[in-house]
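Notes follow the structure.
None of the values given here were measured: they were computed from a predicted structure. Chain letters run A, B, ... following the sequence lines, proteins first, then strands; residues in each count from 1.
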There are 2 protein chains.
Amino acid sequence: MELTERKKQILKIVVESYIDTAEPLGSKAIAEKMPGKISSATIRNELADLGEMGYLEQPHTSAGRIPSAKGYRLYVNELMERRPLSEEEQAAINDSLRGELRQTEQVVARAGQMAQSLVNYPTYAAADHRSAVTVKRYELLPVDEASFIAVVMLSDSRVKSQLMAVDLPVEPSALPAMSHLLNTHFTAIPAREMNGKLMGLSDQVVPEWFLLLNRVVEYAGELLQDDSHTQVFTSGASRIMSFPEFRDIDKAQGLMHFMVDNKEKLPVPTTDAPMQILIGPENVSDALKESSVVMASYDIGDNMRGLIGVVGPTRMDYATVAARLSYFAESLTRMFGKRELPAKEEEGNP
Amino acid sequence: MELTERKKQILKIVVESYIDTAEPLGSKAIAEKMPGKISSATIRNELADLGEMGYLEQPHTSAGRIPSAKGYRLYVNELMERRPLSEEEQAAINDSLRGELRQTEQVVARAGQMAQSLVNYPTYAAADHRSAVTVKRYELLPVDEASFIAVVMLSDSRVKSQLMAVDLPVEPSALPAMSHLLNTHFTAIPAREMNGKLMGLSDQVVPEWFLLLNRVVEYAGELLQDDSHTQVFTSGASRIMSFPEFRDIDKAQGLMHFMVDNKEKLPVPTTDAPMQILIGPENVSDALKESSVVMASYDIGDNMRGLIGVVGPTRMDYATVAARLSYFAESLTRMFGKRELPAKEEEGNP
DNA sequence: TGTTAGCACTCAAGGAAAGCGAGTGCTAAA
DNA sequence: TTTAGCACTCGCTTTCCTTGAGTGCTAACA
């Protein structure tokens with residue numbers, strides 16, 4: 001059976017109406033929305049075909065049609081109008097970006113919140129490293145005879161530090177030497193190689209030193225480790241409950257539990273495309289089988305990539321969400337391009 | 001009218017049954033649970049009195065009685081048996097505390113999660129400073145001619161650091177001098193005084209220095225500021241939906257929205273008591289008027305105090321929650337007492 | 001005076017029956 | 001290929017009824 005132009009048009013009407021109202025659409029209503037005069041009976045024939053081809057479904061015999069996941073997919077791939085944002089919409093986004101966004105740590109969460117208010121669906125946000133992070137430099141600063149500060153500079157320009165307590169007094173003059181040791185042996189290598197290297201040193205340095213080195217290396221390891229499962233932030237998760245498909249408390253709970261207490265398992269893009277859409281059963285997690293996710297990523301500088309995901313019912317307003325989200329992500333990328341390092345004005349990039 | 005011993009006993013039975021089943025309890029059922037033989041008619045008389053005094057309510061004329069907020073309050077204050085934890089329960093808590101809890105930053109969130117699994121109600125967690133945090137020490141480390149690292153040690157022993165870009169090259173030798181300047185003028189003072197001090201220096205140092213000093217002081221100010229509205233973590237928020245009183249999706253959404261997207265407004269203790277209970281309408285926030293909150297705090301060292309809150313329906317199991325939570329909080333305090341600074345081993349431990 | 005048995009009354013909850021109406025599939029004619 | 005017509009399906013809503021748990025009140029009892 002062939003997917004004629006008219007069938008596509010009908011599908012588009014059904015999808016968009018369902019996105020709008022969450023109600024099945026009948027042949028008569030479709031006939032009225034079609035250009036030219038076509039009787040509802042004709043539409044019914046077409047609907048039967050579309051159903052047979054798997055693009056439409058019927059909740060029950062005497063109800064209208066609703067799109068299937070396959071139907072949504074076709075809509076997203078072919079039928080959806082990728083309208084650019086209006087001036088006002090762009091202005092709104094640009095406004096929300098003005099000021100704000102300083103501390104790299106908070107950028108990701110804040111971006112998620114902004115996206116949330118932009119699309120009116122729950123969102124989540126995270127950061128991702130394109131390449132593995134390593135330690136670039138160590139620095140040990142004396143505090144008193146009972147403690148010192150370990151400063152660790154990472155390859156993505158983040159700098160982390162922690163106060164370390166010492167059990168046995170170490171003369172302060174030893175710290176620079178130990179820094180040197182760390183900088184020559186424990187930089188630019190992945191976390192998993194650190195322990196091996198450390199063992200190699202165990203009989204070359206005095207035990208007191210070794211203990212401290214161990215502690216600093218362990219701290220660095222934690223920092224690198226920590227990065228793999230970076231924090232995920234959600235915004236407006238409870239909004240999911242205002243959609244009629246989640247009026248059922250058990251469904252709502254399932255999804256809320258996933259978004260709030262299992263954030264880490266929310267999907268991440270599997271392709272390099274600037275935007276990816278997962279429709280209903282295309283999702284891996286069971287909790288998302290009845291939801292759709294739109295994901296976009298942006299460059300955050302320092303070889304890092306930010307991720308924003310939008311979660312909604314399968315009948316989510318793909319066209320609007322996709323348009324706003326991609327513009328937003330582009331704006332963020334543009335913005336971070338300008339100020340590669342926080343507070344650094346533009347000039348040549350390293 | 002007097003609150004006789006028998007009335008109290010009846011109230012206790014009603015509260016505990018309602019906590020257990022979420023169903024109103026009738027006179028006959030109460031009569032059966034009372035020691036000695038008393039007819040349901042007598043109970044009915046007592047119930048009428050208790051209702052008049054405001055301790056009990058009736059959902060509708062032909063239903064049994066349920067406790068009012070006032071009834072719960074009396075129960076919590078006088079009637080509840082403050083049973084200590086059993087050996088097994090204590091062991092379970094101790095087990096969950098073993099290992100874990102290193103990085104001061106993550107302690108709070110982790111503690112909240114642990115509490116969650118302990119009480120089976122949603123929890124939230126935050127940290128609080130007993131006294132204002134100030135900067136204890138600054139350190140500026142050279143990186144290259146385009147940037148340096150600012151390390152800021154805070155009075156609560158946290159150490160924060162960030163990479164700073166410089167616009168105009170500053171000879172590296174200037175950094176120690178600037179550190180000194182910072183350490184003499186910008187330590188141990190509250191954030192709001194910093195700007196004034198900085199202005200005072202504006203004509204005493206060369207403009208390039210001033211710019212950098214400004215940036216470091218600004219960074220420090222952010223750190224201190226940041227502290228006032230510390231992050232709040234929630235665990236198991238979606239669990240609230242499994243309670244019958246929140247089967248209603250709108251109620252559930254109201255509370256979820258509050259717990260997930262308005263965490264910052266969750267209540268904090270108003271007294272110094274080790275545990276505080278807020279019952280239903282005693283809560284300030286509208287969203288919590290139909291819920292109860294049990295809060296406990298623990299010492300985290302460094303003049304900081306951790307807070308754990310448990311959120312549930314008004315009929316939450318106060319006795320169990322209070323017992324577990326207070327034991328847990330005490331255990332945490334004990335634990336942090338032992339290892340004041342992270343990573344300091346206790347003597348004699350493997 | 002407090003307690004109890006008895007009784008009429010109330011009211012939410014659950015189920016069956018009936019009517020409504022949106023929407024369908026099929027047939028036969030244009 | 002399109003259309004009009006028509007019988008049929010089936011979820012929803014409303015109405016009505018029944019059931020049963022629980023009450024308040026009264027009058028008798030210890």
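Following rounding to the nearest Å, B/Leu47 (CG) and C/dT4 (P) show an atom-to-atom distance of 14 Å. Between the CD atom of A/Glu46 and the P atom of D/dT1 there is a distance of 10 Å, given to the nearest Å. In this structure, the NZ atom of B/Lys28 is 14 Å from the C1' atom of D/dT23, given to the nearest Å. D/dG22 atom P lies 10 Å from atom CD1 of B/Ile30, rounded to whole Å. The distance between atom CD1 of A/Ile43 and atom P of C/dG25, rounded to the nearest whole Å, is 13 Å. Put simply, CG on A/Asn45 is 9 Å from C1' on D/dT1, counting in whole angstrom units. As rounded to whole Å, 16 Å separates atom P of D/dT23 from atom CD of B/Glu52. The distance from atom NE2 of A/His60 to atom P of C/dG23 is 9 Å, rounded to the nearest whole Å.
Look at B/Glu245 and B/Arg315 and you find a salt bridge, because one of the NZ, NE, NH1 or NH2 atoms lies within 4.0 Å of a carboxylate O, short of that distance. Electrostatic pairing of B/Asp250 and A/Arg247 counts as a salt bridge here, judged by a charged N lying under 4.0 Å from a carboxylate O.
The residue among A/Leu25 and B/Thr61 whose nearest nucleotide of DNA chain C is located toward the 5' end is B/Thr61.
For the pair B/Ser27 and D/dT23, the criterion of a side-chain N or O lying under 4.0 Å from OP1 or OP2 is met. Contact annotation: A/Arg44 does not reach the phosphate of D/dC6 (side-chain N/O to OP1 or OP2, under 4.0 Å). Residue A/Ser62 places none of its side-chain N or O atoms closer than 4.0 Å to OP1 or OP2 of D/dC10.
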Note to self: Quick one, A/Arg73 with A/Glu282, criterion salt bridge (Lys or Arg N to Asp or Glu O under 4.0 Å). Give me CA distance, side-chain angles, the key distance, then yes/no.
What the structure shows: CA-CA 10 Å; A/Arg73 179 44 74 193; A/Glu282 294 172 7; 2.6 Å; yes
Note to self: Using side chain to side chain donor-acceptor pair (under 3.5 Å), reason through B/Ser235 and B/Tyr124 one step at a time and then give a plain yes or no.
What the structure shows: CA-CA 6 Å; B/Ser235 295; B/Tyr124 61 97; over 6 Å; no
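Not a single donor-acceptor contact under 3.5 angstrom links the side-chain atoms of A/Arg65 to the base of C/dG25.
For the pair B/Lys251 and B/Phe246, the NZ or CZ position fails the cation-pi test of under 6.0 Å to the six-membered ring centre and within 45 degrees of the ring normal.
Heavy atoms of B/Thr42 sit under 4.0 angstrom from at least one base atom. Using a 4.0 Å heavy-atom cutoff across all strands shown, A/Ala41 reaches at least one base atom of the nucleic acid.
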